[in-house]
Amino acid sequence: MHHSQILHQLKQCIKLQFPIQGKKLHAHVIKSGLDLHGPFYPNTLINMYAKCGHLQDAVQLFDEMPERDLASWASILTAYNQANLPKHTLLLFSKMFSLHGFQPDHFILASLVKACASLAALRSGLQLHTQFIVSSFSDDDVVKSSLVDFYAKCGLPDKASSVFESIVSKNVVSWTSLIYGYAKMGRKSKVVELLHDMPCKNMHSWTAVISGFVQGGHCVDSFRLFNELRRDGVAIEEPFVLSSLIVGSASLAMLELGKQFHLLVIGLGYESSVYVSNALIDMYAKCSDISSAEKTFGSIKTRDIVSWTSIIVGMAQHGQAKEALSLYDEMTSAGLKPNEVTFTGLIYACSHVGLVEKGRNLFKSMVTDYGLKPSLQHYTCLADLYSRSGHLEEAENILKSMPFKPDEAAWASLLSSCSQGGKEKTGVRIANHLLQLGPQEPSTCILMSNIYARAAMWENVPKVRKLLANMETKKNPGYSCVDLGKENEIFYAGETTHPMKDEIFRLLKELDREMQKRGYVPNVSLVLHDMEQQEKERQLFWHSERVAVAYGLLKSAPGTCIRIIKNLRVCGDCHTVLKLICSIVSREIVVRDATRFHHFKDGACSCGDFW
DNA sequence: ATAGGGTTAG
């Protein structure tokens with residue numbers, strides 16, 4: 001074989017994603033005595049391995065090269081980008097820069113900007129932009145296009161636009177990057193304008209706009225745009241866009257819509273896309289339909305680490321800790337390596353069933369067996385495990401000795417265990433610390449106030465109340481949304497204007513009488529405002545989750561599960577009430593609150609009363 | 001020979 005033929009075939013391997021064939025060509029080059037280190041071969045081979053996902057082979061070739069030119073460096077940087085290791089890309093570059101004093105060319109600059117874009121590393125990207133402007137490649141359109149993408153991903157679409165304007169020949173790639181940036185920031189009129197002005201559109205562009213809307217939390221806009229596409233008869237040639245839409249239905253907990261997207265996936269024949277299936281698992285879990293999540297997981301032919309992690313995390317969040325842990329054993333037996341995300345789910349599972357030893361061992365295993373670096377979230381999760389199981393000292397030690405500064409969430413989780421377990425002294429110490437820190441979350445303030453009230457430190461209660469009052473003016477009001485399949489109904493806390501309010505009131509009154517027979521006493525310590533006892537009870541009575549449950553009981557088919565989505569965390573009193581209601585009416589109630597899921601069934605909750 | 005856009009889990 002002539003070497004131009006070999007080069008051609010290597011390119012074919014990249015295009016068709018045939019690493020095995022590529023490896024054969026590599027072997028052929030060595031066996032036939034062709035000069036492996038001659039012109040073109042090593043860089044093309046590195047590129048082939050990189051693009052086919054064989055990072056290790058690319059790195060090995062690179063390390064064995066006697067001479068490296070700028071193209072070799074560009075190829076290996078691409079390999080790290082391709083393997084989704086943008087941090088390595090930047091790290092390797094800084095090494096190359098200090099060791100060899102290289103000036104990056106336009107190829108290398110484009111790879112580096114891409115790495116910054118996927119990390120949303122604003123500072124490094126700005127530095128590269130400066131370096132690019134003063135370099136001799138400063139008119140290169142491809143680097144400019146990657147800078148547009150970088151600014152768009154950093155949430156600065158106007159900066160992206162000014163770079164975009166400087167591009168000499170604008171193409172579908174640069175247009176797509178720009179429009180993604182505006183979609184992500186929810187700048188709808190700008191998106192519409194750009195869609196109109198764009199001379200060239202393809203599936204990439206549509207996917208970019210829709211995923212931009214979803215990633216920026218403008219899910220409804222993404223659904224609307226997709227409807228328009230379908231109306232216009234645009235063919236969905238690839239499944240990419242469906243994953244984004246499924247993520248959108250998950251984040252709004254719109255189960256019916258998610259199911260419709262699932263049907264569309266089947267109809268279009270994209271069931272075999274792992275990306276789509278993984279998004280579906282997560283969607284069903286986030287919409288509280290954990291059994292459909294399991295079914296979807298079961299139907300995947302080749303599961304990857306994201307599939308396993310999604311179902312493990314889903315099970316853990318729904319209180320099925322044992323199942324989550326046994327899925328982990330199955331996963332490792334199948335030869336898959338867990339990553340950071342898997343371990344968050346696993347430790348979370350342990351903390352919900354009080355498996356202290358198991359959690360401790362998993363944390364150790366993550367470091368020693370898999371060489372993973374625990375993040376702040378891992379430490380917080382581990383501390384949570386200790387404090388929930390009554391090991392407050394160990395929990396506090398972790399927060400104090402870990403290589404991160406504990407944030408408000410970390411202290412708040414510890415504080416919540418103090419109020420549950422009657423550890424007053426520790427609680428007061430942590431509350432004082434939080435007071436100095438200046439809490440940002442209303443839920444933290446409520447915990448603090450309760451601790452101070454219980455310790456009779458009345459001088460501190462007004463301080464916390466004042467903080468809370470300042471927050472509540474800017475925070476969203478609490479609401480609960482009950483999912484009745486074809487329709488949803490949303491209730492705000494204290495709302496008394498609903499057309500069915502009399503029926504709802506009657507039902508809640510009736511339930512209240514039955515609850516009191518079973519020993520229920522309203523826990524007013526969780527209501528903070530200054531008011532008389534009766535007024536406090538009335539306020540609790542109209543908490544949005546109760547109203548939503550009552551409405552759900554009135555409107556839904558008998559025996560069905562009632563699903564509630566809430567924007568804040570469930571309050572302690574409502575939690576008690578829902579446990580009672582579910583057994584009084586013999587119905588399952590599932591509440592997705594701001595942080596977790598509560599499955600109320602037979603008088604108990606899947607969260608084990610810790611949240 | 002080497003560079004730029006859209007998809008999944010905490």
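Order of the sequence lines fixes the chain letters, A, B, ..., with proteins taken first and strands second; residue numbering starts at 1 for each chain. As the structure is a prediction and not an experimental result, all values here were calculated from the model. Note: hydrogens, waters and symmetry copies are ignored here, and every other heavy atom, side chains too, is used.
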Answer with base, sugar-phosphate or nothing: what part of the nucleic acid does [X] contact at a heavy-atom distance below 4.0 Å?
X: A/Lys184; result: nothing
X: A/Val172; result: base
X: A/Ser307; result: nothing
X: A/Lys51; result: sugar-phosphate
X: A/Ala110; result: sugar-phosphate
X: A/Val313; result: sugar-phosphate

Please confirm whether the shortest side-chain N or O distance from [X] to OP1 or OP2 of [N] is below 4.0 Å.
X: A/Ser211; N: B/dT7; answer: yes
X: A/Lys201; N: B/dG5; answer: no
X: A/Lys114; N: B/dG5; answer: yes
X: A/Asn47; N: B/dA3; answer: yes

Below 3.5 Å, does any donor atom in the side chain of [X] face an acceptor in the base of [N], or the other way round?
X: A/Thr176; N: B/dG5; answer: yes
X: A/Asn171; N: B/dG4; answer: yes
X: A/Asn202; N: B/dG5; answer: yes
X: A/Asn339; N: B/dA9; answer: yes

Apply side-chain hydrogen bond (donor to acceptor under 3.5 Å, both in side chains) to residues A/Ser146 and A/Asp149 and explain how you reach the verdict. CA-CA 5 Å; A/Ser146 59; A/Asp149 180 52; over 6 Å; no
Taking [Y]'s backbone N and O only, do any of them form a donor-acceptor pair with [X]'s side chain (distance below 3.5 Å, no angle check)?
X: A/Lys337; Y: A/Tyr370; answer: no
X: A/Ser273; Y: A/Tyr270; answer: no
X: A/Thr176; Y: A/Val172; answer: yes

Check ion pair A/Asp221-A/Lys188 (N to O, under 4.0 angstrom): yes
Should A/Asp384 and A/Arg388 count as an ion pair when the cut-off is N to O under 4.0 Å? yes
Between [options], which nucleotide gets closest to the side-chain atoms of [X]?
X: A/Val173; options: B/dA9, B/dG10, B/dG4; answer: B/dG4
X: A/Ser111; options: B/dA3, B/dA9, B/dA1; answer: B/dA3
X: A/Ala74; options: B/dG4, B/dT2, B/dG10; answer: B/dT2
X: A/Gln317; options: B/dG5, B/dG4, B/dG10; answer: B/dG10
X: A/Asp282; options: B/dA3, B/dT7, B/dA9; answer: B/dA9
X: A/Tyr275; options: B/dG10, B/dA3, B/dT8; answer: B/dT8
X: A/Ser310; options: B/dA3, B/dA1, B/dA9; answer: B/dA9
X: A/Lys286; options: B/dG10, B/dA1, B/dT7; answer: B/dG10
X: A/Gln215; options: B/dA3, B/dT7, B/dG5; answer: B/dT7

Just checking, any donor-acceptor pair under 3.5 angstrom between side chains of A/Ser375 and A/His378?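 Looking only at side-chain atoms, A/His378 and A/Ser375 do form a donor-acceptor pair, the distance falling under 3.5 Å.
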Interatomic distance where [atom1] belongs to [X] and [atom2] belongs to [N] [whole Å]:
X: A/Met283; N: B/dT7; atom1: CE; atom2: C1'; result: 15 Å
X: A/Ile305; N: B/dT7; atom1: CD1; atom2: P; result: 21 Å
X: A/Lys170; N: B/dG5; atom1: NZ; atom2: C1'; result: 16 Å
X: A/Phe150; N: B/dG5; atom1: CZ; atom2: P; result: 14 Å
X: A/Met65; N: B/dT2; atom1: CE; atom2: P; result: 14 Å
X: A/Lys144; N: B/dG4; atom1: NZ; atom2: P; result: 17 Å
X: A/Gln377; N: B/dA9; atom1: CD; atom2: P; result: 14 Å
X: A/Glu340; N: B/dG10; atom1: CD; atom2: C1'; result: 10 Å

Aromatic contact, A/Trp175 with A/Phe164 (centres under 6.0 Å): yes
Less than 6.0 angstrom separating the ring centers of A/His129 and A/Phe150, yes or no?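 That pair fails the under 6.0 Å test.
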Would you say A/Phe240 stacks on B/dT7, if stacking means ring centres under 5.5 Å apart and planes within less than 30 degrees? no
Using side-chain heavy atoms (C-beta onward) and a distance below 4.5 Å, is A/Phe137 in contact with A/Val143? no
Please map the stems of DNA chain B, keeping only stretches of three or more Watson-Crick or G-U wobble pairs with both distances under 3.5 angstrom.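 Nothing qualifies as a stem here.
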